[in-house]
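What follows is a set of notes on a single structure, which appears directly below.
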Number of protein chains: 2
Amino acid sequence: MSRRSPAGSEPVSEAAARRLSIYLRGLQQLEADGLRTISSHDFARRFHLNSAQIRKDLAMFGEFGIRGVGYDVASLRNHLAGLLGIDEEKNVILCGAGNLGQALAGYGGFNSAGFRVVALFDVDPAKIGTSLRGGLPVLESAAMPAFLVKTRVDIGVIAVPAESAQKTTDALVAGGVRAILNFAPVRLRAPERIFVKNVDLKIQLETLSFYLRNS
Amino acid sequence: MSRRSPAGSEPVSEAAARRLSIYLRGLQQLEADGLRTISSHDFARRFHLNSAQIRKDLAMFGEFGIRGVGYDVASLRNHLAGLLGIDEEKNVILCGAGNLGQALAGYGGFNSAGFRVVALFDVDPAKIGTSLRGGLPVLESAAMPAFLVKTRVDIGVIAVPAESAQKTTDALVAGGVRAILNFAPVRLRAPERIFVKNVDLKIQLETLSFYLRNS
DNA sequence: CCGTGTGAAGCTGTTCACAGCT
DNA sequence: AGCTGTGAACAGCTTCACACGG
């Protein structure tokens with residue numbers, strides 16, 4: 001029966017991983033609506049997805065469904081939270097306390113449901129030593145390596161200027177951080193084992209601009 | 001010769017459009033480095049891309065290269081800027097002047113190279129009427145429809161809470177805005193002709209968390 | 001001879017369709 | 001009967017490899 005996933009046999013595509021998050025969000029909404037079970041077909045219609053894809057995605061990790069019935073909402077939500085690793089809190093640090101860094105520090109999604117921002121780092125002496133509302137400290141960038149030694153940091157967010165992004169990456173990697181969310185407009189060099197996600201807002205704007213032009 | 005693109009014959013994939021931005025950025029760097037021409041092979045090695053893909057992407061829009069030589073850096077940069085529509089300035093408005101909205105207003109990529117933020121909108125009376133450094137005004141959300149009538153807005157950025165994201169979208173669409181960059185964690189409903197790009201930071205974090213768990 | 005432009009091959013991810021379980 | 005789980009078909013994107021032009 002519960003033929004659990006061989007934990008790393010097939011690599012699980014980027015897109016599929018992202019969909020797991022979307023499913024989780026959908027399930028939370030269904031749960032709030034008081035629904036106990038849902039079929040892949042109803043789920044797909046509700047959120048404009050493809051039912052076969054939902055089943056395939058879920059089946060990669062085990063047999064969560066009940067044939068003839070569908071999926072148990074609460075149980076599947078728990079399974080997905082576990083798969084996504086948000087059942088235990090992840091420590092996040094923000095490198096760069098400029099506009100973006102401070103905004104992210106206050107952003108809801110960064111401080112709920114499995115993630116906790118534990119510190120910001122910046123080089124600007126005017127910012128160092130202050131603390132944002134919520135008591136979040138802004139520390140000196142030079143202190144980051146020492147901080148990483150005494151505090152387990154799961155995810156490092158890069159919100160520094162493009163010029164210092166690589167240097168920041170190197171410090172994160174040296175400190176044992178294995179996942180990086182990069183907002184700087186550069187392709188970072190990091191060892192294969194490090195997970196890097198790039199969020200490049202300028203590219204997003206330019207892509208929209210492209211489609212506007214070619215409409 | 002310049003067999004120009006049939007302007008909308010093949011749809012141009014999402015991924016390809018994004019790469020055009022990346023190529024443009026690379027070309028700007030090469031130009032700063034004083035390079036006059038570059039072959040697809042050298043370009044690929046410099047930025048860790050695939051040379052065949054570069055040629056295919058570019059060939060979709062015309063014959064920009066010179067056989068035996070490569071591409072003229074300045075000329076190709078101009079072509080790409082034109083294709084991406086950033087040779088003429090695009091007006092951007094930010095809906096939501098919270099943490100994220102204000103950060104984006106100050107973000108470099110949103111105020112250079114073809115984009116100009118012309119206004120922020122918010123419902124909070126404490127924010128309305130103020131203006132950020134740079135003189136950018138924060139206007140009342142209710143005034144947005146009137147604003148859209150008198151000012152051409154190319155791109156609307158949604159940085160409001162999830163609950164009001166759809167309402168904001170509807171107002172943008174009604175006001176003739178054809179491209180939307182959405183930071184709210186919901187899938188927006190909009191007519192087919194509207195271009196919507198979603199940037200969901202929570203999903204990015206959860207995806208990283210997933211890979212951490214399954215490493 | 002070098003590098004572009006491009007048909008063909010290869011690959012990855014998505015959708016279909018149905019066997020089998022409940 | 002209803003719905004999951006899944007092999008097989010399909011579609012789209014990426015990479016290869018080479019003919020052709022400079």
Side-chain angles (χ1 to χ4, degrees), chain A residues 1-6 9-23 26-27 30 35-73 75-76 79-80 83 207 210, chain B residues 1-6 9-23 26-27 30 35-73 75-76 79-80 83 207 210:
Chain A
M1 30 232 64
S2 94
R3 148 199 63 49
R4 264 249 145 231
S5 132
S9 48
E10 335 96 8
V12 182
S13 80
E14 170 80 36
R18 217 175 27 234
R19 284 194 298 269
L20 295 181
S21 286
I22 293 169
Y23 300 156
L27 288 166
L30 292 176
L35 228 44
R36 311 282 297 191
T37 65
I38 184 104
S39 71
S40 62
H41 188 72
D42 288 350
F43 195 99
R45 279 213 310 206
R46 187 86 116 90
F47 299 103
H48 310 102
L49 306 165
N50 178 291
S51 63
Q53 185 160 66
I54 294 170
R55 294 197 298 277
K56 263 235 156 106
D57 286 340
L58 298 178
M60 292 176 76
F61 302 101
E63 307 207 345
F64 301 135
I66 305 151
R67 291 167 195 238
V69 180
Y71 298 86
D72 182 89
V73 174
S75 148
L76 183 56
H79 272 296
L80 283 184
L83 285 172
T207 303
F210 171 81
Chain B
M1 34 224 60
S2 90
R3 145 192 76 41
R4 267 248 145 232
S5 130
S9 50
E10 334 96 11
V12 182
S13 81
E14 170 80 35
R18 218 175 24 234
R19 283 193 299 269
L20 295 181
S21 287
I22 293 169
Y23 300 156
L27 288 167
L30 292 176
L35 229 44
R36 310 282 297 192
T37 64
I38 184 108
S39 71
S40 62
H41 190 70
D42 288 350
F43 194 100
R45 277 215 310 211
R46 187 86 115 89
F47 300 103
H48 311 102
L49 304 165
N50 178 290
S51 64
Q53 184 158 70
I54 294 170
R55 294 196 299 277
K56 265 238 153 103
D57 286 341
L58 298 179
M60 292 177 77
F61 302 101
E63 306 208 345
F64 301 135
I66 304 152
R67 293 167 194 237
V69 180
Y71 298 87
D72 182 88
V73 174
S75 147
L76 184 56
H79 272 298
L80 284 183
L83 285 171
T207 303
F210 172 81

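Because the structure is predicted, anything quoted here is derived from the model rather than measured. In the text below, chain A, chain B and the rest are named by the order of the sequence lines, each starting its count at 1.
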Does anything in residues 37-44 of chain A come within less than 4.0 Å of DNA chain D? Heavy atoms only, and list the residues if so.
Ser39(A), Ser40(A)

Just the rounded figure in Å: distance from [atom2] of [N] to [atom1] of [X].
X	N	atom1	atom2	result
Phe61(B)	dT6(C)	CZ	P	13 Å
Leu49(B)	dC13(D)	CG	P	18 Å
Ile54(A)	dG13(C)	CD1	C1'	16 Å
Glu63(A)	dA19(C)	CD	C1'	14 Å
Ile22(A)	dT14(C)	CD1	P	11 Å
Met60(A)	dG7(D)	CE	C1'	16 Å
Leu76(A)	dC3(D)	CG	C1'	15 Å
Leu58(B)	dT6(C)	CG	C1'	14 Å

Atom CZ of Arg45(A) with >12 non-hydrogen neighbours under 6.0 angstrom:
no

Any side-chain donor-acceptor pair under 3.5 Å between Ser40(A) and Arg55(A)?
yes

Arg46(A) and Leu30(A): side chain to side chain contact (heavy atoms under 4.5 Å, CB included), yes or no, with the steps?
CA-CA 10 Å; Arg46(A) 187 86 116 90; Leu30(A) 292 176; 3.3 Å; yes

Are any of the side-chain heavy atoms of [X] and [Y] separated by less than 4.5 Å?
X	Y	value
His41(A)	Ile54(A)	no
Tyr23(B)	Leu76(B)	no
Leu27(A)	Tyr71(A)	no
Leu49(B)	Phe43(B)	yes

Under 4.0 Å from OP1 or OP2 of dG5(D): is there any side-chain N or O of Tyr71(A) that close?
yes

Any donor-acceptor pair, under 3.5 Å, between the side chain of Arg67(A) and the base of dT4(D), if you only look at N and O atoms?
yes

Under the salt bridge (charged side-chain N to carboxylate O under 4.0 Å, His left out) test, which residues partner Arg36(B), sequence neighbours left out?
none

Measure the spacing between CG of Leu80(B) and CZ of Arg19(B) and express it to the nearest 0.5 Å.
12.5 Å

Nearest-nucleotide check on DNA chain C, Ala15(A) vs Val69(A); residue mapping nearer the 5' end is Ala15(A)

Could you pick out which residue, Gly68(A) or Glu14(A), lies toward the 5' side of DNA chain C when each is mapped onto its nearest nucleotide?
Glu14(A)

Sub-3.5 Å pairs of nitrogen or oxygen atoms, protein against nucleotides 15-17 of chain C:
unit_1, atom_1, unit_2, atom_2, d
dT15(C), O4, Lys56(A), NZ, 3.0
dA17(C), N6, Arg55(A), NH2, 3.1

